[in-house]
Visitor: 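One structure, pasted below without further comment.
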Amino acid sequence: MTRTLLQVRELSKRFKEREVVKGISFNITEGSCAALLGPNGAGKTTTISMLAGLLQPSGGSIELLVNGSPTTDRRPYIGFLPQMPVFYPWMTGVEFLLYAGELAGLTSREVKSETGEWLEAVGLREAGKRRIGSYSGGMKQRLGLAQALIHRPKLLILDEPVSALDPTGRKDVLTLLQRIRRETTVLFSTHVLHDAEEICDEIIMIRNGDIALQGSLDHVRRTYSEPVIRLEVGGDEASRSWLTAACGKDFVIHSEVSGGRAKMKVANVEQASRALMADAVSHRIMIRSLEAGHSTLEDLFLKVVQA
Ligand SMILES: Nc1ncnc2c1ncn2[C@@H]1O[C@H](COP(=O)(O)OP(=O)(O)OP(=O)(O)O)[C@@H](O)[C@H]1O
Ligand SMILES: [Mg+2]
């Protein structure tokens with residue numbers, strides 16, 4: 001059974017005269033992993049800060065339902081990792097988690113056992129004895145995750161958890177999130193589509209403080225993915241002008257060409273690829289690659305963002 005954990009209605013935020021979150025509504029289902037997507041300045045951090053209880057909304061409501069009933073104070077049930085977490089570099093990882101656990105209201109016995117458990121879970125058991133000042137970006141982010149999870153929240157909220165990390169750090173954190181999401185409902189913001197596609201099942205896309213698109217990843221894919229052919233030809237003049245001409249064929253609905261590459265939106269991928277291949281052969285054009293597939297979430301994101 002799917003049960004709503006977080007219910008957001010007409011949520012808005014105004015800074016002076018400027019409304020940066022414009023009455024957005026969405027639900028987060030218990031056990032799901034939702035991505036809040038949007039370009040820089042879309043309002044992700046503002047929205048997330050309101051959900052985490054760090055920023056007072058200008059209007060609307062946020063309700064967290066525990067076992068189906070609304071809570072008066074949702075903060076104990078939420079774990080939060082900010083976009084730019086700040087650590088005391090002189091503390092060790094262990095000290096930091098002990099401190100975070102106390103702040104979260106755990107008993108001293110709980111603090112000790114949870115600290116050990118989470119250090120292990122985020123792969124910092126050994127490094128926990130060292131000062132945070134010596135940690136890499138990925139290690140800091142994993143420590144931040146341990147801090148956000150130490151009181152076993154119902155909902156874990158993360159603001160751009162991987163955007164500042166190198167590929168290794170990113171992979172570490174994403175793998176960890178994938179594991180966590182089996183037990184905890186997760187909401188994270190990102191502008192990296194690929195990350196959302198990898199671990200989320202729900203997406204909420206915002207643009208200029210408004211929801212541009214929302215739904216399950218499957219639904220969004222099914223509804224919005226379009227048949228697309230990606231074609232690359234040889235670098236000579238003849239190939240390039242053939243490519244430009246090919247984009248003008250009547251089965252091409254829309255196309256983008258740059259250099260020797262083209263992306264064509266077509267009605268029927270199979271028919272279009274056959275026609276293109278046959279035409280290329282008869283004109284003796286060298287095709288470097290032809291990929292017949294569907295538009296990606298990235299294509300959709302760009303379309304929504306630029307609309
Ligand atoms: N304290 C504030 N006072 C005034 N304007 C603010 C404040 N905080 C955010 N804004 C504005 O609100 C808009 C949304 O900002 P926000 O930080 O929520 O975007 P974001 O989607 O998180 O962007 P990014 O991807 O860069 O993190 C921006 O135009 C920003 O300038
Ligand atoms: Mg932000």
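On a predicted model such as this, the values are computed, not experimentally measured, just so you know. Read the numbers this way: they start at 1 and go in the same order the structure lists the ligands and their atoms.
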Visitor: Looking at every heavy atom in both N27 and Q7, which two are closest together, and how far apart are they?
Guide: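 Closest pair (atom of N27, atom of Q7, distance): OD1-CG, 3.3 Å.
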
Visitor: May I ask you to check whether E202 and S216 show a side-chain donor-acceptor distance below 3.5 Å?
Guide: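 There is no such pair between these side chains.
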
Visitor: Strictly by modelled atom types, are H254 and E226 linked by a side-chain donor-acceptor pair under 3.5 Å?
Guide: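 No - no donor-acceptor pair under 3.5 Å links their side chains.
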
Visitor: Looking only at heavy atoms, what is the nearest atom pair of V122 and L176, with distance?
Guide: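 In this case the closest contact between V122 and L176 is CG1-CD2, 3.5 Å.
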
Visitor: Heavy-atom contacts with ligand 1 below 4.0 Å: which residues, ordered by chain and residue number?
Guide: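 Shell around ligand 1 (4.0 Å, heavy atoms): F15, R18, V20, P39, N40, G41, A42, G43, K44, T45, T46, Q83, E160.
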
Visitor: Do you know the tightest heavy-atom contact between Q141 and P85?
Guide: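 Looking at all heavy atoms of both residues, the closest pair is OE1-CG, 3.7 Å.
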
Visitor: When the ring centroid of F96 is compared with that of Y88, is the distance short of 6.0 Å?
Guide: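 No.
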
Visitor: Restricting to N/O/S atoms, is N40 within less than 2.8 Å of the Mg ion (ligand 2) or not?
Guide: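 Short answer: no, not a single N, O or S atom is under the cut-off.
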
Visitor: Is there a path of hydrophobic side-chain contacts, each under 4.5 Å between heavy atoms of I, L, V, M, F, W or Y residues, that connects I78 with I150?
Guide: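 No; I150 is not reachable from I78 via cluster members.
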
Visitor: N/O/S of Q83 less than 2.8 Å from the Mg ion (ligand 2)?
Guide: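 A backbone or side-chain N, O or S atom of Q83 is under 2.8 Å from the Mg ion (ligand 2).
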
